[in-house]
2 protein chains.
Amino acid sequence: MANDTRERIIEACERVIAQGGLRGFRMGDVAREAGVSIGLLSYHFGDRDGLLEAALDHVNESAARRARAGGGSAAGNRPGTGSAVAAEPAGLTGPAERLAALLCSEFGDDPQVRAGSTAWNELRAAAVFDPDRAVAVARATADWQREVRRLLGEAAPHTDPDAAALILTALVEGLSGRWLTGQLTAAEAQRTIVVALRPLVGAGGRPRRS
Amino acid sequence: MANDTRERIIEACERVIAQGGLRGFRMGDVAREAGVSIGLLSYHFGDRDGLLEAALDHVNESAARRARAGGGSAAGNRPGTGSAVAAEPAGLTGPAERLAALLCSEFGDDPQVRAGSTAWNELRAAAVFDPDRAVAVARATADWQREVRRLLGEAAPHTDPDAAALILTALVEGLSGRWLTGQLTAAEAQRTIVVALRPLVGAGGRPRRS
DNA sequence: CCGTATCCTGAAAATAGTTTCAGTTCTGGA
DNA sequence: TCCAGAACTGAAACTATTTTCAGGATACGG
């Protein structure tokens with residue numbers, strides 16, 4: 001079916017973006033990556049802008065979905081084993097762990113995680129110059145931040161959750177930049193988040209069950 | 001002298017980058033902005049890449065210089081008046097104030113401050129795909145972070161200065177993204193930094209003299 | 001003044017990338 | 001099996017951008 005192909009093309013876009021940035025986004029590259037002819041891109045998406053828009057919408061949706069899903073399930077990343085956050089079978093631990101997992105899910109050595117973060121990073125950078133993209137980014141960011149605030153409300157009742165959620169999510173974005181530019185490893189970034197989280201969530205605590 | 005012209009061209013580059021991003025960096029635009037012919041760009045800088053490199057080096061240097069200078073002097077921005085950080089005549093207050101000023105100097109409604117942050121933001125985004133730029137960015141970032149750590153050592157002797165410096169600088173970068181995409185005003189960003197700083201520097205404290 | 005070295009111009013050539021389109025293949029229903 | 005329409009191809013036309021280059025202006029030492 002043709003939808004498979006559209007899907008495949010959009011995924012190819014993400015890979016191309018993750019590899020060369022929005023700057024290196026060439027229709028020829030996308031076509032090659034997707035294994036289709038260049039004409040098909042216009043056939044399905046109208047023009048370059050349409051294709052790019054579809055791809056970025058997809059990136060945005062992925063980011064939003066990840067926020068909703070928390071750090072759990074498939075591509076989830078857990079902060080360094082041995083830290084305060086232990087491995088768990090299904091996604092059903094306390095809010096503090098889920099919060100840490102959510103924040104740490106941005107980082108990981110899995111190429112797909114990196115590709116996703118890279119694409120999202122590019123989208124964010126592009127949003128500076130494009131109001132339409134800015135509102136899409138803002139929406140996804142707000143969803144994520146809201147989820148963080150919710151978990152924070154449960155895990156750290158003595159903190160101002162709004163301020164803390166803003167600080168934590170902005171911190172993750174900053175660390176993400178460091179990670180993607182090779183200034184930090186994924187593990188270091190995750191460890192940093194855990195350190196930042198500690199004073200909020202209660203020092204060395206044992207936060208089990210809700 | 002020809003150096004004036006080179007200078008003028010590089011400044012034009014920065015303006016073009018700040019306005020349309022690295023993606024919108026066209027030699028024609030630069031030439032128009034600088035008020036010179038397009039051929040002159042090649043004459044002075046070889047080719048597009050040479051021009052871009054010179055421009056980004058300049059951005060990088062500006063960032064590094066700002067880090068060294070602290071938030072003081074010319075383009076300095078102070079977090080919202082009425083906050084913990086009071087106005088001061090010359091740049092000679094305690095380390096806590098200087099730290100806040102340094103971190104807040106990234107934000108401001110002055111078009112030049114915004115242009116600088118925007119250009120730096122673009123450079124950072126480009127560094128994800130370009131190892132050479134990545135090392136330049138890493139160097140400037142490390143300088144800045146080191147300065148933050150130094151001030152932190154004076155202002156907050158009871159905190160791990162390395163961890164805190166990383167967290168604060170990454171936070172500023174994350175907030176910078178929010179600001180540039182319109183998710184936050186400069187004042188809100190600065191206020192957030194002050195909030196994040198408070199628990200480190202001593203609650204409601206009176207941090208006078210070393 | 002003259003010569004010449006440097007700075008500078010802008011149109012033309014080259015290059016890179018996108019869009020169109022005439023035509024081919026595939027799919028599913030009659 | 002045949003047809004119609006959707007999916008798809010790829011080369012040619014087009015557009016955008018960079019690079020080159022022949023030469024014009026300007027500065028300056030002799």
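Lettering of chains follows the sequences in order, A, B, ..., and the numbering in each one begins at 1.
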Using a strict cut-off of less than 4.0 Å between a Lys/Arg side-chain nitrogen and an Asp/Glu carboxylate oxygen, indicate whether A/E147 and A/R150 qualify as a salt bridge.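 Here A/E147 pairs with A/R150 in a salt bridge, since their nearest N and O are under 4.0 Å apart.
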Would you confirm whether [X], through its side chain, and [Y], through its main-chain N or O, come within 3.5 Å as a donor-acceptor pair?
X      : Y      : answer
A/S117 : A/E106 : yes
A/N60  : A/A136 : yes
A/S176 : A/V172 : no

Tell me: [atom1] of [X] to [atom2] of [N], nearest whole Å?
X     : N      : atom1 : atom2 : result
B/I9  : C/dC7  : CD1   : C1'   : 11 Å
A/D47 : C/dG17 : CG    : C1'   : 13 Å
B/M27 : C/dA16 : CE    : P     : 15 Å
A/R6  : D/dA6  : CZ    : C1'   : 14 Å
A/L41 : C/dT20 : CG    : P     : 13 Å
B/D49 : D/dT19 : CG    : C1'   : 13 Å

Please enumerate all residues that pass side chain to side chain donor-acceptor pair (under 3.5 Å) together with A/R178, with sequence neighbours excluded.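 So A/R178 forms a side chain to side chain donor-acceptor pair (under 3.5 Å) with B/Q145, B/T169, B/E173.
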By the salt bridge (Lys or Arg N to Asp or Glu O under 4.0 Å) test, which pairs, at least two apart or in different chains, include something from residues 20-43 of chain B?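 Qualifying pairs: A/E122-B/R23, B/R15-B/E33, B/D29-B/R32.
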Checking all strands, does B/F45 fall into the base, sugar-phosphate, or nothing category for heavy-atom contacts under 4.0 angstrom?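 Nothing, no nucleic acid heavy atom in range.
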Just to confirm, is there a sub-4.0 Å distance from OP1 or OP2 of [N] to any side-chain nitrogen or oxygen of [X]?
X     : N     : result
A/H44 : D/dA6 : no
A/Y43 : D/dA7 : yes
A/T5  : D/dC8 : yes

For A/R26 and A/G46, find the nucleotide of DNA chain C closest to each by heavy atoms; which residue's nucleotide sits nearer the 5' end?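 The answer here is A/R26.
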Tell me whether A/R114 forms a cation-pi arrangement with A/W179, defined as NZ or CZ under 6.0 Å from the six-membered ring centre and within 45 degrees of its axis.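 That pair qualifies as a cation-pi contact.
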Give me, pair by pair, the N or O atoms of the protein and of nucleotides 10-15 of chain D that are less than 3.5 Å apart, along with how far apart they are.
none

